[in-house]
Student: 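I'd like to ask you about the structure that follows.
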Amino acid sequence: QVQLVESGGGSVQAGGSLRLSCAASGRTFSSYAMGWFRQAPGKERDFVAAISWSAGITYYADSVKGRFTISRDNAKNTVYLQMNSLKSEDTAVYYCAAGSPVFGRRYAQANQYDYWGQGTQVTVSS
C-alpha cells in the first residue's frame, strides 16, 4: 500500500510559479507510475501530468504543456509538479496519484490509479 501526501499549494498571482510535492510512503514507490490531477469547484477531476516509474516518459494535458513539469526522485519517494506561468484557470485542488505499472499505459485517466493523496489547494488570482 502507498500513502500520498501533497504539499506546496497556495495563492499566487497570474504569471507566478508554484512547486507541488507529493511524498509517498512504502518501499515500492519506485515501481509506480505517478500522476497529478486537479479539480476545480463544480467540475470533474482532470488529468494534468504523469510520469513513468523510471521518469523516462512523461505526459501532459494540452492545457499545461510548456508551463508545467512533472518529475520524481525515487530516492526521496517524492514526485513534483513545477508550475510556471500560472493562469487563473489553473485554480483547483491538485491531487497526486500512484498507479500500478502497466506496459504502454499513458496514465491519463483517473481510474488507472490505485492510490490518491488528500489534495492541495492552488489559487491563482488575476
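Only heavy atoms go into these numbers, but all of them, side chains included; no hydrogens, no water, no symmetry mates.
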Student: For the CD1 atom of Ile57 and the OG atom of Ser52, what is their distance to the nearest 0.5 Å?
Tutor: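 So the gap between those two atoms works out to 5.0 Å.
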Student: Tyr107 pairs by ring-ring contact (aromatic ring centres under 6.0 Å, His included) with which of Phe47, Tyr113, Tyr59, Trp36?
Tutor: Tyr113
Student: Apply ring-ring contact (aromatic ring centres under 6.0 Å, His included) to Phe29 and list each qualifying residue two or more places apart in sequence or on a separate chain.
Tutor: none
Student: Roughly how far apart are Arg72 CZ and Ser21 OG, rounded to 0.5 Å?
Tutor: 13.5 Å
Student: Please check if any side-chain donor atom of Asp73 sits under 3.5 Å from a side-chain acceptor atom of Thr78, or the reverse.
Tutor: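 No, no side-chain donor-acceptor pair sits under 3.5 Å.
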Student: Are the side chains of Leu81 and Val48 in touch, meaning some heavy atoms are under 4.5 Å apart?
Tutor: yes
Student: Taking all non-hydrogen atoms of both residues into account, name the closest pair between Ser17 and Asn84 and its distance.
Tutor: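 Nearest pair, atom of Ser17 first, then Asn84: OG-OD1, 2.9 Å.
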Student: Sorted by first residue and then second, give each disulfide (SG to SG under 2.5 Å) pair with at least one member in residues 20-76; sequence neighbours left out.
Tutor: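 Those involving residues 20-76 are Cys22-Cys96.
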Student: Does Arg105, at its CZ atom, have more than 12 non-hydrogen atoms belonging to other residues, nucleotides or ligands within less than 6.0 Å?
Tutor: yes
Student: Give a yes or no on whether Gln3 atom CD has more than 12 heavy-atom contacts from other residues, nucleotides or ligands under 6.0 Å away.
Tutor: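 No, the 6.0 Å shell around CD holds no more than 12 heavy atoms from other groups.
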Student: Report the hydrophobic cluster partners of Trp53, with the cluster defined as I, L, V, M, F, W, Y residues connected by side-chain heavy atoms closer than 4.5 angstrom, directly or transitively.
Tutor: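 So far as hydrophobic clustering goes, Trp53 is joined with none.
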Student: Any donor and acceptor pair, going by atom type alone, linking the side chain of Thr69 with main-chain N or O of Gln82 inside 3.5 Å?
Tutor: no
Student: Charged N to carboxylate O below 4.0 Å: is that the case for Lys87 and Asp90?
Tutor: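 Answer for the salt bridge query: no.
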Student: Taking the six-membered ring of Tyr95 as reference, does the cationic atom of Arg38 (NZ for Lys, CZ for Arg) lie under 6.0 Å from its centre and within 45° of its axis?
Tutor: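 The answer is no; the distance or angle limit is not met.
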Student: For the CZ atom of Phe37 and the CZ atom of Arg45, what is their distance to the nearest 0.5 Å?
Tutor: 8.5 Å
Student: Closer than 3.5 angstrom, by distance alone: can the side chain of Thr91 be matched with the main-chain N or O of Thr123 as a donor-acceptor pair?
Tutor: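 Such a contact is absent between Thr91 side chain and Thr123 backbone.
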Student: Kindly say whether Gln118 contributes a backbone atom to a donor-acceptor pair with the side chain of Glu6 at under 3.5 angstrom?
Tutor: yes
Student: Once you round to the nearest 0.5 Å, how far does CD of Gln13 lie from OG of Ser125?
Tutor: 5.0 Å
